[in-house]
Amino acid sequence: MADDTKNNVDKALEALTGALEIEPTGEEVQLEPDKGVEFESDFEIMEDGSAEVNLDPNAPIDKANIPHDANLAEYIDEEELGRFASDLLAEFEADKDSRKDWEDTYIKGLDMLGFKFEDRTQPFEGASGVVHPLLAESVTQFQAQAYKELLPPSGPVRTQIVGDLTPMVEQQAERVKEYMNYYILNVMEEYDPEMDQLLFYLPLSGSAFKKVYYDQILKRCVAKFVSSEDCVINYAATDLDQAERITHIVKMSSNELRKLQVSGFYRDVPVTSGSVNTSDEVEDKINELDGATASSEDDEHVILEMHVDADVPNFEDTSGIKLPYIVTIDQYSSTILSIRRNYEPNDSTFKKKQYFIHFKFLPGLGFYGFGLIHMLGGLSRTATSVLRQLIDAGTLANLPAGFKARGMRIRDHDEPLQPGEFRDVDAPSGDLRAGLMPLPYKEPSATLMQLLGFVVEAGTRFATVADQKIGDSVAANAPVGTTMALMERGTKVMSAIHKRLHYAQKVEFNILARIFKESLSPTYPYKPAGEQGFELIKQQDFDDRVDIMPVSDPNIFSMSQRVTLAQTQLQLAQANPQAH
C-alpha cells in the first residue's frame, strides 16, 4: 500500500511539474508563480493515493518582489482595471468641461486669423470676406522676435555656478553648457521646429506646453510641443505641480502602438481600434482653417496619458495618501495599457516627477493663460467689420444698381459695360434719364476710415513692441532719463511676456538635465576640453553645484533695445568721462 501511495504521489507531482513547465531535476524546487503573484498552496494526499494541490488566485500581491519601474497593470485583475479606467475617463471628461468657456473664446478668435477666405452672400452676392490682419500680424511679430531670442545659433543654454567659484566647478559648468547645447542643437532634431511651432501657438491660445522625456523607441531625450487642446488640465488647478491630473492626448497608429507593446512599455493585450468621438471643437476648427479633413480610417488610436494622483487597486498606500502614477489608457476600448509609479524609489515624500512645462503668454483667470485672441479678439473683429464695410461701399459705388422704367430695353443688359463702349437703349419716353434711377450709394465713409485707424492703432499699441519708434520720438541729444523712460514705457508688456518665457525655458532645461542624469550614458560622447579623464564624469557633472539657465536675458528681448541701451551708456560716458 505504501508503494502504491508513493507511486501516486510521484505521478501527481509529475503531472504538476508538466503543467507548470518545470524540468524535473531530482532536486527540491520552490514554485514561484509568474509576475510576482504569491499563491497560497495546500498539498493533501487523498485516500486513494492521489495528491491534490490547491492554488489560491485571490492571495495578496507580494509588492516587495515587484520592481519600482514595473508596469503595475500586469499585476491587477482585468475587472479592477476596467473600473479604474472608467473612473479616470469620467474625471478626464470633467476636466475638459471645466475649461469650456476658455475654449469657446479661443475657437471664435481663430476665425480672425484670416487663414481661410470667406465667400459671403450678405448683404449682397460677392460681398467682401476679407479679414483684417491685426491679429495675424501681431502673432507673427511676436513669434519672430521670441524665436530669435530663445534659440540663438550658438545654443540656448548657459550655466550659473551656485556657491564657491573654484577652477574645478568652473570647468564643470563649461562642460555642462557645452554638452547641453550640443545635445539640443545636434541630437534632439525636433527641438528647433517644435519650439518654433510652440511660439506661434502661444500668442494665440495663451498657453502652450512642452513635454520632455526619454523616448523608449528613439533611445534619446525628446522635447515635444504639446498644444493646449491636447493637454487637458482642470481649469481650477493652480499650476502643474499642484494639478491632480495632467492628461496628454496622444494620437498614434496601430503600428506605433504595437512597437511599444513589443518593447514591453505597454501591456501586450489586444486593443480594439476605432474612431473616437472626442468632440474636440478646437481641433475641428484648426482642421477647418488648415483645410484638413478627419481621416475615416480606424487605424489611429487615441491614447490618454494621465499623470495622476490616485489609489491604484491593490497598491493603495496604507496612510491613505494618493500616490503619483502615469496611467496610459486607450480611449476607444477603455483599455489600460500601463500604470507606472511617477516618483523616485526611495522618496518618502512621494514627490511627483514632472515632464511638462507650461508656457504662458498672459496669466488668465484660471489655469490656462490668455492669448492675443482673448485680449484682441474684439478689436480684431471690429477692424474686420469696418474694413468690409469700406470695401463693400467702394464696390457698390463703382458698380451702381437702380431702377429702370418698364418697357425700356437695353442690349446685353446682363453684361457690364466695357471702357469706350456705347450700347443701344430703347427708351419709350425718349428721355433716357427719365427712365433710369440709380440707387443713392455713397463713397466709402471718411468717418469709418478714421474709426478703422483708431481700432488698429489701439490693437497695435497693445500687441506690438514700441521700442522701434523711440528713435523717431527722441532727439539725438535728449537726456538719458528721457530715453530710458520712453523705452521702459514702450516695452512693459513684451518684457513681462519674455520673462515668463525665460522662466518656463529654465524649468525645461532643468527637467532635461535631470533626464540626462537618469537615462543617458554616464560618459561624454566626445572628449571635453580640460584635464584627462573628465569624459568619465558626465553623470556627476549634472548636480546641484551648477544651475542651468537660458541664454536669453529676461530684461532684454530685441536687438533694437540692446542698441538703445548701448547708446545710452555711451552718452553717460561722454557726459562724465572721469566716472567711466
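Annotation for Phe350: atom CZ counts as buried by contact number, over 12 foreign heavy atoms lying within 6.0 Å. Within 6.0 Å of OH in Tyr182 there are 12 or fewer heavy atoms belonging to other residues, nucleotides or ligands.
Defined by atom type and a distance below 3.5 Å, a donor-acceptor pair is missing between the side-chain atoms of Asn234 and Glu244. Asp192 and Tyr147 form a side-chain donor-acceptor contact under 3.5 Å, judged by distance and modelled atom types alone. Side chain to side chain, Ser254 and His301 meet the donor-acceptor criterion of an N or O pair below 3.5 Å.
Atoms CH2 and CD1, from Trp102 and Ile107 in turn, are 9.0 Å apart once rounded to the nearest 0.5 Å. Once rounded to the nearest 0.5 Å, the distance linking CE of Met180 with SG of Cys221 reads 9.0 Å. Atom NE2 of His248 is separated from atom CD1 of Ile326 by 12.0 Å, given to the nearest 0.5 angstrom. Interatomic distance, CG of Asp196 versus CG of Leu151, reported as 8.0 Å (0.5 Å rounding). With rounding to the nearest 0.5 Å, the separation of OG in Ser138 from CD in Gln143 is 13.0 Å. Here OG of Ser207 is found 10.0 Å from OH of Tyr106. Values are rounded to the nearest 0.5 Å.
Between Lys210 and Phe356 the shortest side-chain heavy-atom distance does not fall below 4.5 Å. At a threshold of 4.5 Å between non-hydrogen side-chain atoms, the residues Asp309 and Leu323 do not count as touching. A heavy-atom distance below 4.5 Å is not found between the side chains of Gln172 and Thr159. At a threshold of 4.5 Å between non-hydrogen side-chain atoms, the residues Met188 and Leu512 count as touching. Annotation: side chain of Gln505 is in contact with side chain of Met195 (closest heavy-atom distance under 4.5 Å). At a threshold of 4.5 Å between non-hydrogen side-chain atoms, the residues Glu137 and Gln141 count as touching. Side-chain contact between Ile339 and Phe315 is absent, with no heavy atoms from C-beta onward closer than 4.5 Å. Within the 4.5 Å cutoff, the side chain of Glu508 has no heavy atoms near those of the Ile511 side chain.
Put simply, the side chain of Glu194 never gets that close to the backbone of Tyr191: no donor and acceptor are under 3.5 Å apart. Arg267 contributes no side-chain N or O that, together with a main-chain N or O of Ser338, makes up a donor-acceptor pair within less than 3.5 Å. Between the side chain of Ser228 and the backbone N or O of Ala208 there is no donor-acceptor pair closer than 3.5 Å. Checking side-chain atoms of Glu305 against main-chain N and O of Thr328 turns up no donor-acceptor pair under 3.5 Å. Within the 3.5 Å criterion, the main-chain N or O of Leu376 finds no donor-acceptor partner in the side chain of Ser380. In this structure a side-chain-to-backbone donor-acceptor pair under 3.5 Å is present from Arg99 to Glu229.
For Arg514 and Tyr355, the positive end sits near the middle of the six-membered ring, less than 6.0 Å away and at most 45° from its axis. A cation-pi arrangement is found for Arg340 relative to Phe265, the charged atom lying closer than 6.0 Å to the ring centre and inside a 45° cone about the ring normal. A cation-pi arrangement, defined by a distance under 6.0 Å to the six-membered ring centre and an angle within 45 degrees of its axis, is absent between Lys211 and Phe209.
A salt bridge links Asp104 to Lys100: one of the charged nitrogens lies within less than 4.0 Å of a carboxylate oxygen. Between Glu91 and Arg245 there is a salt bridge, with a side-chain nitrogen of the basic residue lying less than 4.0 Å from a carboxylate oxygen of the acidic one. At a threshold of 4.0 Å, the pair Arg220-Glu190 counts as salt-bridged, since one of the basic side-chain nitrogens sits closer than that to a carboxylate oxygen. Salt bridge status for Lys353 with Glu518: present, with a side-chain N to carboxylate O gap under 4.0 Å. The existence of a salt bridge linking Lys251 and Glu300 is excluded, since no basic side-chain nitrogen approaches an acidic carboxylate oxygen closer than 4.0 Å.
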Problem set entry | Full working for side chain to side chain contact (heavy atoms under 4.5 Å, CB included) between Val139 and Leu372 | CA-CA 8 Å; Val139 169; Leu372 292 177; 3.9 Å; yes
Could you walk me through whether Asp330 and Val302 pass side chain to side chain contact (heavy atoms under 4.5 Å, CB included), step by step? CA-CA 6 Å; Asp330 178 75; Val302 177; over 6 Å; no
Tyr266/Arg258 under side chain to side chain contact (heavy atoms under 4.5 Å, CB included): CA gap, chis, key distance, verdict
CA-CA 9 Å; Tyr266 289 161; Arg258 186 59 189 159; over 6 Å; no
Point to revise | Derivation of the side-chain hydrogen bond (donor to acceptor under 3.5 Å, both in side chains) call for Asp347 and Thr349 | key: CA-CA 5 Å; Asp347 186 3; Thr349 62; 2.6 Å; yes
Hey, mind stepping through Phe92 and Met306 against side chain to side chain contact (heavy atoms under 4.5 Å, CB included) and telling me if it holds? CA-CA 9 Å; Phe92 165 71; Met306 305 184 72; 4.2 Å; yes
Q) Between Arg175 and Glu178, is a salt bridge (charged side-chain N to carboxylate O under 4.0 Å, His left out) present by the stated rule, with each step listed? A) CA-CA 5 Å; Arg175 290 194 302 271; Glu178 181 182 5; over 6 Å; no
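Using cut-offs of 30° and 60° for the angle between ring planes, the Tyr201 and Phe225 rings count as tilted. Taking the six-membered ring where tryptophan is involved, the planes of Phe516 and Tyr183 are perpendicular, since the angle between them exceeds 60° and thus also 30°.
The two residues Asp215 and Ile217 come nearest to each other via the heavy atoms OD1-N, 2.8 Å. The two residues Thr140 and Ala136 make their nearest non-hydrogen contact at OG1-O, 2.8 Å. For the residue pair Lys352 and Ala243, the shortest heavy atom distance occurs at NZ-O, 3.0 Å. The minimum heavy-atom distance linking Leu150 with Pro156 is given by the pair O-CB, 3.4 Å. Nearest approach of Ala85 to Ile336, heavy atoms of both residues: CB-CG1, 3.7 Å. Between Lys360 and Leu202, the shortest heavy-atom distance links the atoms C-CD1, 3.9 Å.
Ring pair Tyr325/His307: centre-to-centre distance not below 6.0 Å.
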